[in-house]
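Read through the structure below, which is laid out as structure tokens, and then see the notes.
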There are 2 protein chains.
Amino acid sequence: MANGKAAERPLTRIQQKNRQTILDAALDVFSQNGFRGSTLDQIAEVAGLSKPNLLYYFPSKEAIHAELLSLLLDTWLDPLRALDPEGEPVTEIMDYVRRKLELSRDFPRESRLFANEILQGAPRIMEALEGELKALVDEKANTLRDWAAAGRIADLPPHHLIFSIWALTQHYADFDVQVRAVLGPGHDPYAEADAFLETLFRKLLAP
Amino acid sequence: MANGKAAERPLTRIQQKNRQTILDAALDVFSQNGFRGSTLDQIAEVAGLSKPNLLYYFPSKEAIHAELLSLLLDTWLDPLRALDPEGEPVTEIMDYVRRKLELSRDFPRESRLFANEILQGAPRIMEALEGELKALVDEKANTLRDWAAAGRIADLPPHHLIFSIWALTQHYADFDVQVRAVLGPGHDPYAEADAFLETLFRKLLAP
DNA sequence: GTCTATACTAAGATAGAC
DNA sequence: GTCTATCTTAGTATAGAC
């Protein structure tokens, strides 16, 4: 009590750093092997910490995974939230496609973590899918419907239009090894995808 | 030797049936949890057999998984193989899209097994991706390029056109629970996808 | 061919020294 | 805060009775 400050529960810098190190290592491992397929040993190995030390910072393997998922969801929905009903329709949608592809390029592990969770039947995020996600998608689907009704974009089923953006952008992160195996060396998948998706959606959205 | 026939190693009917039962149960389990996340206990439970009995029919967990993957690859490539360079371009491609979507609808577990394997870095099928798959895709990409050069379809990067077909059709199997959560009740995802993808690719392919 | 029992290893988590 | 040692359970695989 020398400094006279009552330390409620502030994380020290070293604690913050170690938590980050662990989460980063866990993201590596969970995104490749899924929850059940990952072990604390693997995470500890990647993090350069001992297994008991991991469990000093987090109460359980489950807790590390839960933390990653909840951090993920916000990041994941941000680009869609940014779709502005007052903006120019085609520009707004093309911007969304670009932001989503950038997420795949810059955060492929997060994309694969999410894909793993969905493949496994979304046991830990079903609630968020049916609540938060559905609400946001329904809202933006209405925007798309209005734009179509006004003849500003083609008349397409809005939910499936959104699915197509997810599918096409996330494919480059989730199936990265396949994309690279098929393209062979000397390609920049994301640069090529950017140009291709630009073309695809411009043609698709034209009324 | 009473019957005088040297029994090389023909599988009896009951053996065939049990092998099938095991493979079917394993497909259930592996497609949801990936290889590492799945256990023989789970597979035995679903198959209605004892764990040692599983290992009477297959030498190891690894062997069951390997068998599933090798059965899968052929089925998976068949629709692309069927794309006929002599056919009418748009019809051929639309048929491919439809066949691929039907695979997702009728064999979602196979699609998820494949997705799991790729997400994990394709440790067991990388060779097939770089060999068989790449060769087939390169061949069909040439066909697409020829069609584009002849002005019979739009000029698009052929590999990415094929990726887009994979991404859009497999999404409905791999992300099934998300699709249903977002659409809510009262939808037929595959019927809607069929109509949407028909529209999408017709617009995209128009020269 | 199928089961019970069991060997052996890996994995999640905790105790307690430092 | 971090480590070594350890408990406990789950998981792959095998032995051997029936």
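Numbers restart at 1 for each chain; the letters A, B, ... are given by sequence-line order, proteins then strands.
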Please set out all donor-acceptor pairs under 3.5 angstrom arising from side-chain atoms of residues 125-134 of chain B, sequence neighbours excluded.
| unit_1 | atom_1 | unit_2 | atom_2 | d |
| --- | --- | --- | --- | --- |
| B/Lys134 | NZ | A/Val182 | O | 3.4 |
| B/Lys134 | NZ | B/Asp138 | OD2 | 2.7 |

For [X], side-chain hydrogen bond (donor to acceptor under 3.5 Å, both in side chains) partners two or more places apart:
X        : value
A/Asp194 : none
B/Gln178 : none
B/Arg180 : B/Asp176

Checklist entry - Touch check for B/Phe58, heavy atoms < 4.0 angstrom, all strands: base, sugar-phosphate only, or nothing? => result nothing

Next on the checklist: Distance under 4.0 Å to a non-hydrogen atom of chain A counts as contact; along DNA chain C, which nucleotides mark the start and end?
Outcome noted: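 Listed 5' to 3', the contact boundaries are C/dA11 to C/dT14.
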
Next on the checklist: Test: salt bridge (Lys or Arg N to Asp or Glu O under 4.0 Å). Region: residues 83-97 of chain A. Which pairs qualify, not counting sequence neighbours?
Outcome noted: A/Asp95-A/Arg98

Which pairs, protein N/O on one side and nucleotides 5-12 of chain D N/O on the other, fall under 3.5 Å?
| unit_1 | atom_1 | unit_2 | atom_2 | d |
| --- | --- | --- | --- | --- |
| D/dG11 | OP1 | A/Arg36 | NH2 | 3.1 |
| D/dT12 | OP1 | B/Ser38 | O | 3.3 |
| D/dT12 | OP1 | B/Lys61 | NZ | 3.1 |
| D/dT12 | OP2 | B/Leu40 | N | 2.7 |

Checklist entry - What are the residues of residues 15-33 of chain B, sorted by number, that bring a heavy atom to within less than 4.0 Å of DNA chain C? => result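 When residues 15-33 of chain B is checked for heavy atoms under 4.0 Å from DNA chain C, the hits, listed by number, are B/Gln15, B/Asn18.
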
Checklist entry - Who pairs with B/Phe175 by ring pair (Phe, Tyr, Trp, His ring centres under 6.0 Å), at least two apart in sequence or on another chain? => result B/His171

Next on the checklist: My understanding is that only residues two or more places apart in sequence, or in another chain, count here; which of them pass ring pair (Phe, Tyr, Trp, His ring centres under 6.0 Å) with A/Tyr172?
Outcome noted: B/His160

Next on the checklist: My understanding is that only residues two or more places apart in sequence, or in another chain, count here; which of them pass salt bridge (charged side-chain N to carboxylate O under 4.0 Å, His left out) with B/Asp188?
Outcome noted: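 For B/Asp188 there are no salt bridge (charged side-chain N to carboxylate O under 4.0 Å, His left out) partners, ignoring immediate neighbours.
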
Checklist entry - Taking only residues two or more places apart in sequence or in another chain, which ones pass salt bridge (charged side-chain N to carboxylate O under 4.0 Å, His left out) with B/Asp24? => result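 Salt bridge (charged side-chain N to carboxylate O under 4.0 Å, His left out) check on B/Asp24 returns B/Arg109.
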
Checklist entry - With side chains defined as the heavy atoms from C-beta onward, is the minimum distance between A/Leu113 and A/His65 less than 4.5 Å? => result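 Counting from C-beta outward, A/Leu113 and A/His65 do come under 4.5 Å.
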
